[in-house]
Every structure is written in C-alpha cells, then in structure tokens.
Protein chains: 2
Amino acid sequence: MKKLTLNDIAKHFGVSISTVSKAVNDNAEISKEVRDKIQKYAKEHHYRPNRVALSLLKKSTKTIGVIVPTILNYFFTQVFFGIEKTANARGYNIISCTSDESYPKEVHTVGLLSAGIVDGLILSLSHETQAKANIEHISNFIDAQIPLVLFDRVSDKIECDKVIVDDLQAGYNTTKHLLNAGCKNIALVSEIYNSSVGKLRVSGYQNALKERNIPFDSKLLLKVKKDDDLELLITFLLDYKKIDAIIALDEMMAADVLYILKSKNIKVPEEISIIGFTNGRLSKYVSPSLTMVSQHGKYIGELTANILIDRIENKGDFIPYTTKIVKTSLIERESTRSIK
Amino acid sequence: MKKLTLNDIAKHFGVSISTVSKAVNDNAEISKEVRDKIQKYAKEHHYRPNRVALSLLKKSTKTIGVIVPTILNYFFTQVFFGIEKTANARGYNIISCTSDESYPKEVHTVGLLSAGIVDGLILSLSHETQAKANIEHISNFIDAQIPLVLFDRVSDKIECDKVIVDDLQAGYNTTKHLLNAGCKNIALVSEIYNSSVGKLRVSGYQNALKERNIPFDSKLLLKVKKDDDLELLITFLLDYKKIDAIIALDEMMAADVLYILKSKNIKVPEEISIIGFTNGRLSKYVSPSLTMVSQHGKYIGELTANILIDRIENKGDFIPYTTKIVKTSLIERESTRSIK
DNA sequence: CTGAAAGCGCTAACAC
DNA sequence: GTGTTAGCGCTTTCAG
C-alpha cells in the first residue's frame, strides 16, 4: 500500500481535499459524522501527513542539525546524548553530522544544512577550522538567518549564542590542585594545542604557575600530533627533568600516559600524579583509577539545545546573544597524591 | 539577508523563474551570457536550492533515519560511525534517534520517520520491543513502502534486509575457547537476556557445553536487571560453586566483573578467566586487559548503510531480502589463561 | 533561447 | 458545513 495522501482520502469519500484536511485535524467546522468517518478511515489506513509538504508550507522542519568533530569521543557522545534528549522532548529531530576534524568537510556540511532542512544548528568547530581560523562558511550560515549555537570549540569571530566549558579555570584549578599537593614540575600533554579549548587550558596552567612564581618551561608542554609516538615523547620528557605530575587534555591520552608510566615501572601516583580531562568510563576502570576533570557533557548538550530551540521559537523579537560558561568539576581518584 | 529563492533572482533580472532554474542548473538551453550572469549572482549571494521543496518534488529527501537503542554504548556508537561515514559518502544525511530501549518511544519514532522525511530506515530493536515481541509499528512502516534494514537486534517476524552478528557462533566459540583452556564451570552474566542477541549467545554457550556433555546449570546463568546489585549476584555465584570463568555479554559488565573479583582478592586470570563482548576502549586499558569478542561495529554500520542505500536507489525491480551474518573475532588479552 | 503552467502534499483564507 | 483557491520553492514539459 503506497503512502496515502489527503487527495486519496478525498477521492475515496468524494469530498474535497480541504474537508479531509480539516477533518483529520479535528476542525469543528466539519460535521461530527464526516469528521468521524474520515478519521476512522485515516487511522485504519495509517494516514500520516507528509512532513516534507508541511515543512515547505510552514517554513519549519522541526529538525535541528548537529555537527561535532567526532562521535568517537566520550565528551561529544555525552553532549550529543543531552542534545538528543532535550530536542526530542521539545518535539525536534536531530540531523547529525561529523566534521571528522576536517575543515572542508565542515564547510560542506554547514552548506548542506543551510539549504532549509534544519530550523537551527548546533556546532562545535573542527580542529582544522580553529587552526585555520577561517570562518566564512559560518558567517554565510548566520546570514541565512538560521539560528546557530556554538559549543565547546568556539570562535571569538563568530557572533552567536555559545556554550563553553570554563577551560581557563579548569586548567588553572587542575594545576593549582597539583601544586597544592606539593608537585613542582608539572608537565602537560595536549593533542588539541590549536583549539580554543586546548589553548585556554594551557593558559590556566600558566596562570597557576605564575601565581607561584614558577617559570613556564615550554619543554614541559608536549604537543602531540596524530601519528606521534607518545611513548617516545614521554621518555624524552622524563629524561629531561624529574616530573611530579602530568596533565593530559584527553581521557584516552591520560590512560595512555598511565599505561606508559606503568610499563616503565614508574609508580602512579607515588612518583608521578596524573590528571586527565573528560571524565568518561575509562577513568574509573583503569588502575589506579584516574583523577579527572568532568566537563558535564550531557548538561552542556541540554543547555545548548534549549538555547537553540528558544531562539528558533522566538524568531522576531531579537534577544542578545549569550555565552554560557559551564564550570568543570575535579573528580578525585587514585592517580593523584599529596606530597608531604 | 533572508534566504534567497529562485523567485528573488528572477525578479532581480526581470526574467522568468524557470529561466533562473535552468541557469543555476547550467542547462545549455539558456544562453551562455544569461547563464553566467545568473550563476555569478547566485554564487555571490550564496543561493542554495531549498532542499525541502526539492524533496517534495522528487519524493526523495536524501536522508536516512537511524534508530538505535542507545548511543552510550561502544558497539552502537561504532555502528553509527560506520553508517554515517558511508551514508555521507553516498550523498545521504542521517537523522538519528534513540529508542532508549523503550517500546513506546520506538513506536513513536518509527511513526515520525514514516511521514516522508526519510528515504529509508536503519533500526536495531529496543530491548522492550524484543521482550514484548510486538512489531506492528514495523509492519506499518514496511507497508508505507519505505526501505528498512534491521541490524543486530532483529526479529524473525519482520521481513526485510538484516545484518546480524553471528551471536550463536560467538557464544559457542567463547565457551569452547574457555573449555579448551581447561575451564569447567563457566558462568555467564547477561543484561540482555530478553533480546535476540542475548538469547543466541546463550544458546551458543549451551551448545558448546552439550558437545562436552556438560549439563547446563541455570544457576550459572546470571540475568542482571537494571538496578540489580551485580556484586551481590557474583557473591552468591561464587558461594554456590567454584567458578573457572565468567563470560559477560557487555563490555561494561565485563569490566565490572573484573573490578568485583579484584576487590574480592580473586586473581584474574589465575583463578577466574573473563571474556567480554564488545571490544571497546575499556578492555584494552583495564588491568589485566580483557579478552573480548569483537563484533566489528563499524563494518556492520557500513554494510547496513550500503544495503539500505542500494535498495533505496533500486526501487522498482524488487531484489529478494537478504540477511548478512557478520562473524565475530576473539581478541585475546590478559584476562584468560590456560589451565594445564 | 525564454516563459507559462502544472504539480509535489498540505493549510488557510475566503466563498458559497 | 463544505469547497475553491492560492501558495510554500522547485523542476519540467510544452509553447512560443
């Protein structure tokens, strides 16, 4: 049985198409009998109004686009989960896309979503986009008058609603926590040194050091590229200086660091403490379990979706753009110790 | 600047709307000059044909729906990743939905997606749906003539393309592996005892036992409900009998079991071996690292998407439905040992 | 080479 | 209470 349309039903009963439309929408204009018999027929034949036609008419698709750099990362999965949940609760569907950290793919996807298929867009910039700092595609999107909310990986050059993690503070807090615990030489490993997020965390780290008059040593800042051998970099680091603690800007990386240290028979946390970012499942299960910074991904997703939908549904009266800053929490586990 | 339409451009040049349509589509019917100037204008003003209007006209949205029970699970995330990748490569977008293992939510979502917004659907049944075995919503969907591919959690009662994991064989293989290693009393913990997948794995487990004339002991089969205290169940199990090995049907559960055993000072694998299902990130990082069954999630996603898109693009000539069975691999790590 | 018109499925004035 | 009509943005015959 092919998809049923209003026209089909109208023909079947020998009435006009608008009568059927009104009937299925339970419009009181139509006599009770006619309404009932049409509704019964519609139900029996599983009539569903064509949402594409409705979208064209109403200029609203009730779907929102989501572009994240990758889904294979606990933080983004969490955010995505939060977005999906609140969007659904508010009657929206999600079109989900991945930029794979690639600038051209992001440009392409943003372009695609600007063609009227979404009522709004949630985006976290790809690493490459942030490195290039080329955001023309975003400006074009905004010009098309479609609401946009940026989260986590944002850009100052883009004017729109934003939800960000308090990464400066988080970098500061973690470092301070380690300093307070008696650590002196604190290294930091980052795979996202070009992203806004990575830079802020490093700044926070530097701020905490400066406060204690500890000079920043760039050799303690490990910038790890995709295919770099982390083990080798860590080996060099340990040869260079006695290290008390390592901050890793990613959960996997924190686990990798732990793994490498263990394989070198270095005791964690007795000899070196580790703190990682993104409090996912790994951190709890490795041993020693890892002290982590939680960014509250699910909450960020919910907040982002709510801000976007509020703006979608409020078109007309312009509300100034806001930037919400979500605080992080330090989840203390076994990978950090206090040096007396 | 509001979204530009063909009409706007037509007015701007004082030509007809169909001329503009042909011009932007680079139709040779239109003179080179006119084409060029219109194309130039369109590009400068970021004209993008409204995809909703196109969808209505072409009766094709170039999007496919994906409904998974949950995204917060490594296997489904992997499958999703595979789907997204190949769908994008073939020019399709993804509308992603989660059933949250809930029957009503699945019914609702399937209904939503049957209203013309997707060209096809990829679905893995929710736990509740499989328990209830009520699949009327799926039948209705199929009646609407929209291609459907089921993966992993499928149902015999539904006639459509399917991609499944060879769970019977996987259950058999894991059990046999443990038996060959000298294990006698092998327990199995499952949170998905109502799902097709869970049942098949248990059948495979039973087959392997039967082959060795080991009677199946239902007390060794732990059915864990959402809020059950796993630690307590394991304690009872260990009190009941000397256990040589535990098979866990989920990665988190395997890690939990490991955790519980360690906390009881039971050596893994010296005293008890563990094999888990779903080879995610956890398994590699816990210690001892876990021997796991890999279901090749990404490949399943790619395969599923390809089958669906082939069917979408082949409408007309009917190809018989296929069921593809994807074999699993056992990834041996440190949580299993051989008893001499 | 360009334009008029129909139509995808639906809703909402506005007639009757 | 029911029907007619216009139109959302686009493509595609078919005339001119």
Side-chain angles (χ1 to χ4, degrees), chain A residues 1-39 42 45-63 112 114-119 144-146 315, chain B residues 1-39 42 45-63 112 114-119 144-146 315:
Chain A
M1 162 186 43
K2 198 65 200 160
K3 197 98 183 77
L4 203 64
T5 70
L6 287 187
N7 211 337
D8 300 330
I9 306 183
K11 274 184 194 141
H12 179 260
F13 286 108
V15 295
S16 88
I17 186 172
S18 61
T19 303
V20 180
S21 170
K22 286 169 187 162
V24 297
N25 288 310
D26 207 29
N27 188 325
E29 262 183 21
I30 306 297
S31 68
K32 191 94 183 72
E33 316 158 69
V34 178
R35 245 188 299 162
D36 285 347
K37 84 176 177 202
I38 290 182
Q39 284 178 12
H45 294 75
H46 307 111
Y47 169 72
R48 291 197 155 264
N50 183 325
R51 290 195 66 196
V52 176
L54 278 173
S55 295
L56 183 59
L57 194 64
K58 300 273 185 66
K59 291 167 165 304
S60 148
T61 58
K62 284 282 177 182
T63 57
L112 219 61
S114 75
I117 54 182
V118 297
D119 291 350
Q145 312 261 42
I146 311 174
K315 272 196 160 170
Chain B
M1 162 184 46
K2 199 64 202 164
K3 196 99 183 76
L4 204 64
T5 71
L6 288 187
N7 210 339
D8 300 330
I9 306 183
K11 274 183 192 142
H12 178 260
F13 286 107
V15 296
S16 87
I17 187 173
S18 58
T19 303
V20 180
S21 171
K22 286 167 187 164
V24 297
N25 288 310
D26 208 30
N27 187 324
E29 263 183 21
I30 305 297
S31 68
K32 191 92 182 72
E33 316 159 71
V34 178
R35 247 190 296 162
D36 284 348
K37 84 177 176 199
I38 289 182
Q39 284 179 11
H45 293 75
H46 307 112
Y47 168 73
R48 288 194 159 267
N50 183 325
R51 290 195 65 194
V52 176
L54 278 174
S55 295
L56 183 58
L57 195 64
K58 300 270 186 63
K59 290 166 166 303
S60 148
T61 58
K62 284 281 177 184
T63 59
L112 218 62
S114 75
I117 53 182
V118 297
D119 291 350
Q145 312 260 40
I146 310 174
K315 273 196 162 173

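Bear in mind that the values here come from a model prediction, so they are computed numbers and not experimental data.
Sequence neighbours left out, the pairs with a member in residues 10-23 of chain B that pass salt bridge (charged side-chain N to carboxylate O under 4.0 Å, His left out) are B/Lys22-B/Glu29. Residue pairs meeting the ring pair (Phe, Tyr, Trp, His ring centres under 6.0 Å) criterion with at least one member in residues 9-36 of chain A, sequence neighbours excluded, are A/His12-A/Tyr41, A/Phe13-A/Tyr41.
Judged as a side chain to side chain contact (heavy atoms under 4.5 Å, CB included), and not counting sequence neighbours, the contacts of B/Thr61 are A/Val52, B/Ser55, B/Thr63, B/Asp119. In this view, B/Ser18 and B/Ser16 satisfy the side chain to side chain contact (heavy atoms under 4.5 Å, CB included) rule, not counting sequence neighbours. In this structure A/Asn25 satisfies the side-chain hydrogen bond (donor to acceptor under 3.5 Å, both in side chains) test with no other residue, sequence neighbours excluded. Scanning for side chain to side chain contact (heavy atoms under 4.5 Å, CB included) contacts around B/Lys62 gives B/Arg51, B/Ser60, B/Tyr92, B/Glu313, with sequence neighbours left out. Under the salt bridge (Lys or Arg N to Asp or Glu O under 4.0 Å) criterion, A/Arg35 pairs with A/Asp26, sequence neighbours left out. Residues passing the salt bridge (Lys or Arg N to Asp or Glu O under 4.0 Å) test with B/Asp8, sequence neighbours excluded: none.
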Annotated protein contacts, base or backbone, on nucleotides 8-16 of chain D with a non-hydrogen cut-off under 4.0 Å, one of B, S, - each:
BBBBBB---
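The footprint of chain B on DNA chain C, defined by a heavy-atom cutoff below 4.0 Å, extends from C/dC1 to C/dG9.
Backbone-only engagement by B/Val15 is indicated by non-hydrogen atom pairs under 4.0 Å involving sugar-phosphate atoms exclusively.
Expressed to the nearest 0.5 Å, how far CD1 of A/Ile9 lies from OG1 of A/Thr19 amounts to 12.0 Å. Between B/Asn7 atom CG and B/Ile17 atom CD1 the span is 4.5 Å, to the nearest 0.5 Å. Rounding to the nearest 0.5 Å places OH of A/Tyr47 at 12.0 Å from CD of A/Gln39.
The stretch residues 30-37 of chain A touches DNA chain D through A/Ile30, A/Ser31, A/Val34, each having a heavy atom within less than 4.0 Å of the strand.
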Test log, rule side chain to side chain contact (heavy atoms under 4.5 Å, CB included), inputs A/Lys3 and A/Arg48:
CA-CA 8 Å; A/Lys3 197 98 183 77; A/Arg48 291 197 155 264; 3.7 Å; yes
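Dashed line: the shortest gap from a side-chain N or O of A/Ser16 to OP1 or OP2 of D/dG3 is under 4.0 Å.
Shortest non-hydrogen contact noted between A/Val24 and A/Ala42 is CG1-CB, 4.2 Å.
Helix bend of the helix from C/dC1-D/dG16 to C/dC16-D/dG1: the angle between its two end axes, each built from five pairs, comes to 60° after rounding to 10°.
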